[in-house]
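Labels below follow one simple rule: chain letters A, B, ... track the order of the sequence lines, proteins then strands, and each chain is numbered from 1. All values derive from a computational prediction rather than experimental measurement.
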Amino acid sequence: MNTIVQIAFRNLLQHRRRSLLLGGAVAMVTLLLVMLSALLNGMQATMLRNGTTLSTGHVNVAGFYKITAGTAAPLVTKYEALLQAVKKQTPGLDYVVTRGRGFGKIVSEESSLNSVLTGLDIVHEAGFKEVVQLAHGNLDELARPRTALIFEKQAERLHVKVGDNVTVSSQTFRGVNNTVDVRIVAIGRDLGMLSSFNCFVHHDAIRDLYELDSSTTGAIQVYLKDAEKAAEVAAKLRTDIEKTGLRVMEPQPQPFWRKFDTVKREDWTGQKIDVTTWIDEMAFMRYTLNTLSALIFVLVTVLLVIIVIGVMNTLWMAIRERTREIGALRAIGMQRGRVLWMFVTEVALLALAATATGSLLATGLCLGLNAAKIVVPKAFQMFLMSETLWLVADVPTVARSLAIIAVVTTLGSLLPAWRASRLQPVKAMQTAS
Amino acid sequence: MTTAFAQTETPIVKLVGVDKDYHLGSVIVPALRDVSLSIAAGEFTVIAGPSGSGKTTLLNLIGCVDVATRGDVVIDGADTRQLKEKALTDLRLRSLGFIFQSFNLVGVLDAFDNVEFPLLLQGKLNKVERRDRVMGLLQQVGIEQYAHHRPGELSGGQRQRVAIARALVTQPRIVLADEPTANLDSKTGTAILELMQELNRRGTTFLFSTHDPRVVSRAGRVIRLVDGQIADLNASAEDVAALAAGAH
Ligand SMILES: Nc1ncnc2c1ncn2[C@@H]1O[C@H](COP(=O)(O)OP(=O)(O)O)[C@@H](O)[C@H]1O
Ligand SMILES: [Mg+2]
């Protein structure tokens, strides 16, 4: 009934201060939820884009080679046939790269640090140039043998610049120490967690370091047109590869470096293929995101409890003031349900207006902050996986936040509204004015 | 005259052997005892009695906002003790009109919207029909020029006129009013009473309570309540005069 909405609306206007106070609080909580969700989205988007370009494909066809039962090397031997099979069998394929996997010490004249070593063939790396912003040097140079790309913070620690040589040292899978010298051809801008433990070298440098031949690689990284399809594609590739006669490991939602210990303890030898998705490989980053969303959930829940208490208090007050009016309406034949509806409508209107305002403000703020390219403190860059703040307040996020807050706020009105609907109409007949 | 006419019809209100007890903790307060009465269409009846005699209690029972402890209360043919809350509310909407001592209008609606409200609850008339009905009534109670004023912008007398229009708008079988003039000064109170008398002459049945002897003197019929019991079902003019004298 239109008039009920009108009564609700006008009562909100009548008590402007009260409405503004409560509405303002609801708007602020909405703003907070949208902003935090946008931050989480931004991190997730960065993680998907940067993470899948730098350290894992959407689907990885990798595995372990065991010379003896007690060892485990992250290698794919005789990869060429497998690579061709993967290219042919992957639905929705964008592109495929091969990466060498290693871990070692980078030594400069003045200093050293430990890092994950990734070998790549830059000519095939379609996405790499878009993700890695260079501070110095030239990425194309990475096509030459014995070259390396490190990141700003690493360069700082090593006191090196483009053109300098560093020595990379590691233990081969046979247990012998080995070194190769590489020339730094590019220094990339930091990308948080992804860049602090990782550096890139020419694929052959990895092979030289670990004394591998050219038919061996670390991983075949598959990039799909739609990253969401990764699990599906992984499952398909797993069976396809098994059919070629290769041994395939049981699916384990863990990054490859977490599997060394288990694989070492297993008593098989030779080659086994492991097919994983980016979600498996970035389990740790997902843990970070999940922790953050849990924190947001707790914070917003606490704030919503406060909002609900505020709604209830405000509504009790309104109902107390309008007891005789309610009694009169009940006496002249307004059903209980409609009285309940009247008060729920009042809060729902306020909630809608407030959440809409909060959402608009938050969306504007997100756009503004993105445009301002705000550089976040170093400690946060680690988690954001990017130098600048990147907020994604897309329609589903905003709509979801708005809906959650609006619905919870409105639910807060149910108990007082129900009590109002139970008021005796006799109250109106009694004098007390 | 009214009474003779009334007895030929089925009464709108019929109470037989009605008791009403209130419970104050473990104490039972008998507010009405063995009340029997009937009211027919067209009457202009006053329930008179001192404070605490049970007038409000009686009107609450007739107004279907409370139920009797014992006895039958039949309103417009319906035995109210058999009815659930929802049906009672519906009966109030269909058959009864209420005028309250303190007006009790919806503060944020203007006079027009307040009067229209019961029609919206009924949902029977269309927009044009509602408008005609409401404006016609506002005219009858003499405040059509205040149709778009909110209660806060009206005097007590004007508000009570809005309340009367609201009570009449559904064309109820009977209009109930608990001390409708108690919150008005005597001049305004008199004007409101005259308005109600005028509306009664045009066919509306009124039943209201008062403890003001001057109001009693305008009634077509006076039911006297004393200590929750009917003292007189149709007090004479002399009784009324005596009452008035006693009060001064
Ligand atoms: N809700 C109630 N609880 C207990 N006693 C009540 C209540 N309402 C009225 N009474 C008592 O019932 C009697 C009749 O009251 P009421 O109907 O209000 O009389 P009147 O309207 O004539 O002043 C009084 O004794 C009053 O104290
Ligand atoms: Mg009373």
More than 12 heavy atoms of other residues, nucleotides or ligands under 6.0 Å from [atom1] of [X]: yes or no?
X         : atom1 : result
Arg131(B) : CZ    : no
Tyr22(B)  : OH    : yes
Asp227(B) : CG    : no
Phe112(B) : CZ    : yes
Met135(B) : CE    : yes

I'd like to know if the side chain of Gln14(A) reaches the main chain of Val108(B), judged simply by a donor and an acceptor atom lying under 3.5 Å from each other, with no hydrogens or angles considered. no
Has the side chain of Arg92(B) got a donor or acceptor atom that lies under 3.5 Å from a matching backbone atom of Arg330(A)? yes
Portion of [X] that has a non-hydrogen atom of chain A nearer than 4.5 angstrom:
X         : value
Leu105(B) : backbone
Arg166(B) : side chain
Phe117(B) : side chain
Leu96(B)  : neither
Asp113(B) : side chain

Ranking Asn2(A), Asn11(A), Ile4(A) by heavy-atom pairs under 4.5 Å to chain B gives rank one to Asn11(A)
Heavy-atom closest pair, residues [X] and [Y]:
X         : Y        : value
Val426(A) : Val65(B) : CG2-O, 3.2 Å
Leu109(B) : Arg10(A) : CD2-NH1, 3.7 Å
Ala331(A) : Phe98(B) : O-CE1, 3.1 Å

For the pair Leu93(B) and Gln335(A), evaluate side-chain contact (heavy atoms from CB on, under 4.5 Å) and give the outcome as yes or no after the intermediate values. CA-CA 9 Å; Leu93(B) 179 61; Gln335(A) 292 288 0; over 6 Å; no
Does the side-chain hydrogen bond (donor to acceptor under 3.5 Å, both in side chains) test come out yes or no for Thr89(B) and Arg336(A), once each step is laid out? CA-CA 9 Å; Thr89(B) 306; Arg336(A) 281 173 172 169; over 6 Å; no
Rounded to the nearest 0.5 angstrom, the CD1-CD1 distance for Ile332(A) and Ile99(B) is 12.0 Å
Can you tell me how far the CZ atom of Phe100(B) sits from the CD atom of Glu325(A), to the nearest 0.5 Å? 11.0 Å
Kindly determine whether Arg322(A) and Val106(B) satisfy side-chain contact (heavy atoms from CB on, under 4.5 Å), including the steps that lead there. CA-CA 9 Å; Arg322(A) 277 145 66 190; Val106(B) 179; over 6 Å; no
